[in-house]
*Asks:* 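Sending over a structure as structure tokens; questions will come in a sec.
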Amino acid sequence: MLDKCITLLQSYGLSSLKKLKQVHAFSIRHGVSITNPEMGKHLVFYLVSLPPPPPPPMSYARKIFSAIEKPINVFIWNTLIRGYNETGDSVSALSLYREMRVSGFVEPDTHTYPFLLKAVAKMADVRLGETIHSVVIRSGFGSLIFAQNSLLHLYSNCGDVGNAYKVFDEMPVKDLVAWNSVINGFAENGKPNEALGLYSEMGSKGIKPDGFTIVGLLSACAKIGALALGKRVHVYMIKVGLTGNLHSNNVLLDFYSRCGRVAEARTLFSEMVDKNSVSWTSLIVGLAVNGFGKEAIELFKDMESKEGLLPCEITFVGILYACSHCGMVDEGFEYFRRMREEYKIEPRIEHFGCMVDLLARAGEVKKAYEYITKMPMQPNVVIWRTLLGACTVHGDSDLAELARIKILQLEPNHSGDYVLLSNMYASEQRWSDVQKIRRQMLEDGVRKVPGHSLVEVGNRVHEFLMGDKSHPQSELIYAKLKEMSDRLRLEGYVPQIANVYVDVEEEEKESALVYHSEKIAIAFMLISTPERSPIRVVKNLRVCADCHMAIKLVSKVYGREIVVRDRSRFHHFKDGSCSCRDYW
DNA sequence: TTAGGGTTAG
């Protein structure tokens, strides 16, 4: 009978306390007492291993709250606001604060405002934030460091770095939390260089960084592809014993993939003791965008077999992206189905975008268009642009025109679309259409977003624009460009003039191509770094077909591995070929 | 018996 009871315990295992109690009652009925050491051992083991019960719902707390005799003291108000914050219900947290003010019996205290500001920060509404800011000032709690830090965070969460910095600047005492918030605020709002600058300022003030600082720093390094700098941060993490910090490791993982260092990312992942679904998702996405679609899908299968890890919507963006870039159309549709049915994740517009890309990339532009018309939501510019891009690659000019009209309605004056379309016309030698587009661009006052490339030598990040001659070593760089062009021609390189959108003389077109920022950056790296060492370039736009071809040959002729991080993906060039297999 | 800062896509 003892064996029977233990088998029962094992099979019900960790399902619930109620089940365990049933087995206990069953054992007593059949003469197996708790005094039996074996029975006791198993029962204690399963009891202490039970998952923690979910917290009671806020509605219940609210009911009790309403029943409490008036006036309700400030601690209870604060606690309920905190409860709403912790369950992610910022709207109720804010309205509870308003209720407290209206009731008029009690004044907010030093705890109330940080709670309130946290709720407002989550809502990411600058105007509301400004209103609450003045409320805090009027209340007289403006000098409280908790309130100041909350305000700083509130502004950076709304994307208003100007005001965030103003709050920070005016703080008479800046503690580690303040530094971390302002650094992270800059890093997250498209100002990674400023974030790094503030970090060195922090160091000069003698403030020691912690795990939060690491997160802000590494995400700044990841954005500009500053590998050497990020590696120093990694070394620092080892030195001060932050390698066990899950958040820092997750960002480090993302940092390595965004610098094209997939091997390092994989090693780190395998060494991480603590992993959550963000870690798994980061590596899946990292593998996918670096062109390792098959490996990304293998990793996802691994993730599915692990207990307690649930893929989220971002994981599926990675998976669908992997399928579309590997041409795995059927698999993509299967994952899309499983995402909805098994994981109950409602697809968002990004997922539909991946599906359109999946079809369009595979050359099924007409099917992609049909898919768009059947989507349960209004297609956005990103979707139409995906279709436009695929139409130019696969030469469907009718559908391209249609996509462009849709884009114009949704977002006029976006230079990339004019460029895409004019490139397509140019490749078909339709010069009058090219001229028309170009005229329209001028009329609409649209200017091309200048392309720029970033490269890192030592601890410095160098930036090159298209046709840039401002670098101190400019002469040497242009001499190298000339040599590159000569050596590439010997290898059979023919400039692909279709990528220049103006109908000019052949020779002029060729020279315009030579000046693309990635070529200048690569020439600079060839003269600034040791032979055979790898080159990494971070670009703000998509790499053009001509540069792609040229870089493939450079990798072969100069024996260099070249990793280019594009606006949307990675190209790993080696021995004359690219990891994207010319499909991007 | 209450307070501020963290990463993955687009």
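We name chains A, B, ... by the order of the sequence lines, and we start the count at 1 in each one. Computed from a prediction, not measured in an experiment: that's the story for all the values here.
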*Asks:* A:Asn250 CG to B:dT7 P: how many Å, rounded?
*Replies:*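 So the CG-P distance, A:Asn250 to B:dT7, works out to 10 Å.
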*Asks:* Does A:Arg232 have any side-chain hydrogen bond (donor to acceptor under 3.5 Å, both in side chains) partners at least two apart in sequence or in another chain, and if so, which?
*Replies:*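 So A:Arg232 forms a side-chain hydrogen bond (donor to acceptor under 3.5 Å, both in side chains) with A:Asn459.
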*Asks:* Between the side chains of A:Asp254 and A:Ser282, does any donor sit under 3.5 Å from an acceptor?
*Replies:*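 Checked: A:Asp254/A:Ser282 side chains show no N/O donor-acceptor pair below 3.5 Å.
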*Asks:* Under 4.0 angstrom, heavy atoms only, what part of the nucleic acid is A:Gly353 near: base, sugar-phosphate, or nothing?
*Replies:*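 The answer is nothing, as A:Gly353 stays clear of every strand by at least 4.0 Å.
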*Asks:* Please enumerate all residues that pass side chain to side chain contact (heavy atoms under 4.5 Å, CB included) together with A:Glu334, with sequence neighbours excluded.
*Replies:*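 Residues passing side chain to side chain contact (heavy atoms under 4.5 Å, CB included) with A:Glu334: A:Arg337, A:Arg338.
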*Asks:* How are the rings of A:Phe292 and A:His572 set to each other: parallel, tilted or perpendicular (split at 30° and 60°)?
*Replies:*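 Perpendicular, since the angle between the ring planes exceeds 60°.
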*Asks:* Counting just side-chain N and O atoms, does A:Asn85 come under 4.0 Å of either OP1 or OP2 of B:dT2?
*Replies:*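 Negative; the distance criterion is not met.
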*Asks:* Atom OH of A:Tyr321 and atom C1' of B:dA9: how far apart are they, to the nearest Å?
*Replies:*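 My rounded result for the distance is 10 Å.
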*Asks:* Classify the nucleic acid contact of A:Ser248 as base, sugar-phosphate or nothing, counting any heavy atom under 4.0 Å across all strands shown.
*Replies:*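 Base contact.
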*Asks:* Would you classify A:Leu218 as touching base, sugar-phosphate or nothing, given that sugar-phosphate means primed atoms plus P, OP1 and OP2, and contacts are heavy atoms under 4.0 Å?
*Replies:*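 Since no nucleic acid heavy atom lies under 4.0 Å of A:Leu218, the category is nothing.
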*Asks:* Over all strands shown, is A:Leu144 touching base, sugar-phosphate only, or nothing at heavy-atom distances under 4.0 angstrom?
*Replies:*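 The residue A:Leu144 makes base contact.
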*Asks:* Once ring pair (Phe, Tyr, Trp, His ring centres under 6.0 Å) is applied, do any residues pair with A:Phe168, and if so which ones, sequence neighbours excluded?
*Replies:*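 By the ring pair (Phe, Tyr, Trp, His ring centres under 6.0 Å) rule, A:Phe168 matches A:Tyr165, A:Trp179.
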*Asks:* Can you check whether A:Phe300 and A:Trp280 have ring centres sitting under 6.0 Å from each other?
*Replies:*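 That pair fails the under 6.0 Å test.
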*Asks:* When all nucleic acid strands are considered with a 4.0 Å heavy-atom cut-off, which category describes A:Asn245: base, sugar-phosphate, or nothing?
*Replies:*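 Answer is base: heavy atoms of A:Asn245 come under 4.0 Å of a base.
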*Asks:* For A:His234, what residues pass the ring pair (Phe, Tyr, Trp, His ring centres under 6.0 Å) criterion, not counting sequence neighbours?
*Replies:*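 A:His234: ring pair (Phe, Tyr, Trp, His ring centres under 6.0 Å) contacts with A:Tyr256.
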*Asks:* Just call it for A:Asp210: base, sugar-phosphate, or nothing, with non-hydrogen atoms closer than 4.0 Å on any strand.
*Replies:*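 Base: the residue A:Asp210, judged by heavy atoms under 4.0 Å, touches a nucleobase.
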*Asks:* Decide, applying a 5.5 Å centre-distance limit and a 30° plane-angle limit (both strict), whether A:His247 stacks on B:dT7.
*Replies:*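 By the stated criterion, A:His247 and B:dT7 do not stack.
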*Asks:* State whether the side chain of A:Lys539 and the backbone N or O of A:Val537 hold a donor-acceptor pair below 3.5 Å, judged by distance alone.
*Replies:*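 Judged by distance alone, no pair lies under 3.5 Å.
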*Asks:* Give one of base, sugar-phosphate or nothing for A:Thr110, where a contact means two heavy atoms less than 4.0 Å apart.
*Replies:*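 Contact class for A:Thr110: base.
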*Asks:* Without decimals, in angstroms, what is the distance between A:Arg569 CZ and B:dA9 P?
*Replies:*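 The answer, rounded to whole Å, is 15 Å.
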*Asks:* So which nucleotide from B:dT8, B:dA3, B:dA9 ends up closest to the side chain of A:Arg348?
*Replies:*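 Selected nucleotide (nearest to the side chain): B:dA9.
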*Asks:* Do the side-chain N or O atoms of A:Arg258 get closer than 4.0 angstrom to the phosphate oxygens (OP1, OP2) of B:dA9?
*Replies:*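 A:Arg258 to B:dA9 OP1/OP2: side-chain N or O found under 4.0 Å.
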*Asks:* Expressed as a whole number of angstroms, how long is the span from A:Met339:CE to B:dA9:C1'?
*Replies:*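 In whole Å, B:dA9 C1' lies 13 Å from A:Met339 CE.
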*Asks:* So which nucleotide from B:dG10, B:dT2, B:dG6 ends up closest to the side chain of A:Asn78?
*Replies:*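 Output: B:dT2.
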*Asks:* I want to check one thing: is the phosphate of B:dT1, taken as OP1 and OP2, less than 4.0 Å away from some side-chain N or O of A:His111?
*Replies:*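 For A:His111, the contact criterion (side-chain N or O under 4.0 Å from OP1 or OP2 of B:dT1) is not met.
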*Asks:* May I have the distance from A:Tyr84 (atom OH) to B:dA3 (atom C1'), rounded to whole angstrom?
*Replies:*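 These atoms are roughly 20 Å apart.
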*Asks:* Show every side-chain hydrogen bond (donor to acceptor under 3.5 Å, both in side chains) that has at least one partner inside residues 129-139 of chain A, sequence neighbours left out.
*Replies:*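 Those involving residues 129-139 of chain A are A:His133-A:Tyr155.
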*Asks:* With the side chain of A:His153 defined as its heavy atoms from C-beta on, choose the nearest nucleotide among B:dG6, B:dT2, B:dG10.
*Replies:*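 Of B:dG6, B:dT2, B:dG10, B:dG6 is nearest to the side chain of A:His153.
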*Asks:* Expressed in angstrom and rounded to an integer, what is the separation of A:Ile383 atom CD1 from B:dA9 atom C1'?
*Replies:*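 For the pair A:Ile383 CD1 and B:dA9 C1', the rounded distance is 14 Å.
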*Asks:* Out of B:dA9, B:dG6, B:dG10, which nucleotide sits closest to the side chain of A:Glu313?
*Replies:*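 That would be B:dA9.
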*Asks:* Rounded to the Å, how far apart are A:His325 NE2 and B:dA9 P?
*Replies:*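 The distance from NE2 of A:His325 to P of B:dA9 comes to 14 Å, rounded to the nearest Å.
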*Asks:* Please list, by residue number, the residues of residues 282-300 of chain A whose heavy atoms come closer than 4.0 Å to an atom of DNA chain B; answer none if no residue qualifies.
*Replies:*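 Hits under 4.0 Å, by residue number: A:Ser282, A:Val285.
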*Asks:* For A:Phe186 and B:dG6, what is the distance between atoms CZ and P respectively, to the nearest whole Å?
*Replies:*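 So the two atoms are 16 Å apart, to the nearest Å.
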*Asks:* Reckon A:Thr79 touches a base, only the sugar-phosphate, or nothing at all at heavy-atom distances under 4.0 Å?
*Replies:*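 Here A:Thr79 touches no strand at all.
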*Asks:* Taking the side chain of A:Val215 as heavy atoms from C-beta outward, which of B:dT2, B:dG6, B:dA3 is closest to it?
*Replies:*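 Looking only at side-chain atoms, A:Val215 lies closest to B:dG6.
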